[in-house]
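Presented below is the structure to which this report refers.
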Amino acid sequence: MGNPIWGEQSAVRACISRFYSSQAWVEGRAEDQLAQVAAWPGMVAVAGFPDLHPGRFGPVGAAFLADRIWPQLVGPDIGCGMGLWRLNLPRHRLKIDKAVRRLAVLDDGADPADAASALADAGIEGLIAADGLGSIGGGNHFCEVQAVEEVSSPDATSLRPGDLCLLVHSGSRGRGAQIFEGLDDSWKQGYAPDGAAASRYLALHDAALVWARLNRALIAALAAEALSCEASLICDTVHNQVVAQDGLWLHRKGAAGADRGLVPLAGSRDAPSYLISVPDLVPKALGSVSHGAGRRYDRASMHGRVRKVKSELAALTRNRFGGRVVCGDRDLLMEEAGPAYKNPESVLRDLVDFGLAQPIARLVPLITFKTAGKAAGGDTE
DNA sequence: ATGTCC
């Protein structure tokens, strides 16, 4: 086979629990990847969620419990996650055009001196560099201003319709990728947890988790400053990580662990997101849940789904909620268009039906900020 | 995913 991504297949396969209905949009290739990983040596249990889709190093939208550490099941973006903040700015006071212009400062990232001191305060300055701290990055990462549209559990948070929130999706940027690429070659067979390679990886992995969380907080602070308001954290959840659990190792790849029982479920730039509560009553879900709608179409195929003419590209900078998309990178604008993602309502329905989540609030995107840079993708007035 | 690949 010669594919370095997949480990050896063992004779026994771990139990796979699927938390999606027969109607869910799950590609056969994602199912195949789930089955292949379940047959890796030392795999104990696997959980697949309704946002499941194929990934480069294994399926995304899944959790894996194993007796060893598999860095490829965390992937390059170690510590990637979603943070949700409430803004003390009501929806009726948001001037979208002005906010779009002011959010352009996000392209610059955090001030290097602020980034360095934040890293030192977190106590990880010796393990990981500050470069890139406070920057969103590319791919599916974003900083989005959202409006609370409906609150189904008023007691769960202080959120009310008409409030604005900030949803930040980012990770450890080039630092996590550097850690992954610098691994000891034996990663392809998985690391024995008591070995030196595992210790080195875990120390860097844990630093990347802190870095990524700090990154999201700095992005939120920069955005709040640009909008002349304050941001207060509701929850911050990680969906690419490995964590010790009862003598085993729980890997999350595009599957979120809860923060005080709360998880943001990202929709897309043209669909609502949800704040959900996660009761953690289903052991086979491995303390994990979907982190978003999940990809429906891969990046390459999105280029064939959008005509590269000015009018169609300009249409991609507007959403159905009267909101805007700021993305000066034309390729990224197409690759991350709304249709690239599954229907978040279907994903949520499956999670509710399987007892993994309860909706707290529905949030609609008003400004999806990716990058102001390059061309004027977000500013085509 | 990536100061990424073309």
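Note: hydrogens, waters and symmetry copies are ignored here, and every other heavy atom, side chains too, is used. Every chain is numbered from 1 and lettered A, B, ... according to where its sequence line falls, protein lines coming before strand lines.
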(message) Within the 4.0 Å heavy-atom criterion, would you say Asn240(A) contacts the bases, only the backbone, or no part of the nucleic acid?
(response) nothing
(message) What contact category does Gly75(A) fall into here, base, sugar-phosphate, or nothing, at under 4.0 angstrom with non-hydrogen atoms?
(response) nothing
(message) When you measure from the side-chain N and O atoms of His141(A) to the phosphate of dT2(B), is any distance below 4.0 Å, counting only OP1 and OP2?
(response) yes
(request) Take Arg18(A) and Glu31(A), measure what salt bridge (charged side-chain N to carboxylate O under 4.0 Å, His left out) needs, and give me the verdict at the end. (result) CA-CA 10 Å; Arg18(A) 295 174 183 81; Glu31(A) 283 277 2; 3.0 Å; yes
Enumerate donor-acceptor pairs with a distance under 3.5 Å from any side-chain N or O in residues 78-87 of chain A to protein atoms, sequence neighbours excluded.
| unit_1 | atom_1 | unit_2 | atom_2 | d |
| --- | --- | --- | --- | --- |
| Arg86(A) | NE | Asp163(A) | OD2 | 3.3 |
| Arg86(A) | NH2 | Asp163(A) | OD2 | 3.2 |

(message) Could you tell me how far apart Arg173(A) (CZ) and dA1(B) (P) are, to the nearest whole angstrom?
(response) 12 Å
(message) Given the ring of Tyr297(A), does Arg305(A) sit roughly above its face, with NZ or CZ under 6.0 Å from the centre of the six-membered ring and within 45° of the axis?
(response) yes
(request) For Glu336(A), check side chain to side chain donor-acceptor pair (under 3.5 Å) against everything at least two apart and list the hits. (result) Arg295(A), Arg299(A), Tyr341(A)
(request) Check each residue of residues 197-209 of chain A for a non-hydrogen atom within less than 4.0 Å of any atom in DNA chain B, then write out the ones that pass by number, or none. (result) none
(request) Pick base, sugar-phosphate or nothing for Gly174(A), based on heavy-atom distances below 4.0 Å to the nucleic acid. (result) sugar-phosphate
(message) If you compare every side-chain N and O of Arg175(A) against the phosphate oxygens of dT2(B) (OP1, OP2), does one of them come in below 4.0 Å?
(response) no
Return the polar atom pairs (N/O with N/O) between nucleotides 4-6 of chain B and the protein under 3.5 Å, or none.
none

(request) Would you kindly give the NZ-to-C1' distance between Lys370(A) and dT2(B), to the nearest whole Å? (result) 14 Å
Under 3.5 Å, sequence neighbours excluded: what are the donor-acceptor pairs made by side chains of residues 192-204 of chain A?
| unit_1 | atom_1 | unit_2 | atom_2 | d |
| --- | --- | --- | --- | --- |
| Ser199(A) | OG | Gly195(A) | O | 3.0 |
| Arg200(A) | NH2 | Asp184(A) | OD2 | 3.3 |

List the atom pairs, with distances to 0.1 Å, where a side-chain N or O of residues 110-120 of chain A and a protein N or O form a donor-acceptor pair under 3.5 Å, not counting sequence neighbours.
| unit_1 | atom_1 | unit_2 | atom_2 | d |
| --- | --- | --- | --- | --- |
| Asp111(A) | OD2 | Ala113(A) | N | 3.0 |
| Asp111(A) | OD2 | Asp114(A) | N | 3.3 |
| Ser117(A) | OG | Ala113(A) | O | 3.4 |
| Ser117(A) | OG | Asp114(A) | O | 3.1 |

(message) Over all strands shown, is Gly137(A) touching base, sugar-phosphate only, or nothing at heavy-atom distances under 4.0 angstrom?
(response) sugar-phosphate
(message) If the threshold is 4.0 Å, N to carboxylate O, is there a salt bridge linking Asp51(A) and Lys342(A)?
(response) no
(request) Would you classify Gly132(A) as touching base, sugar-phosphate or nothing, given that sugar-phosphate means primed atoms plus P, OP1 and OP2, and contacts are heavy atoms under 4.0 Å? (result) nothing
(message) Using whole Å, what does the distance between atom C1' of nucleotide dT2(B) and atom CZ of Arg56(A) come to?
(response) 10 Å
(message) Testing the basics here: between Phe321(A) and Pro272(A), what is the closest heavy-atom pair and its distance to 0.1 Å?
(response) CZ-CD, 4.0 Å
(message) Any non-hydrogen side-chain atom of Pro90(A) less than 4.5 Å from a side-chain atom of Leu164(A)?
(response) no
(message) Rounded to whole Å, please give me the gap between CZ in Arg295(A) and C1' in dA1(B).
(response) 12 Å
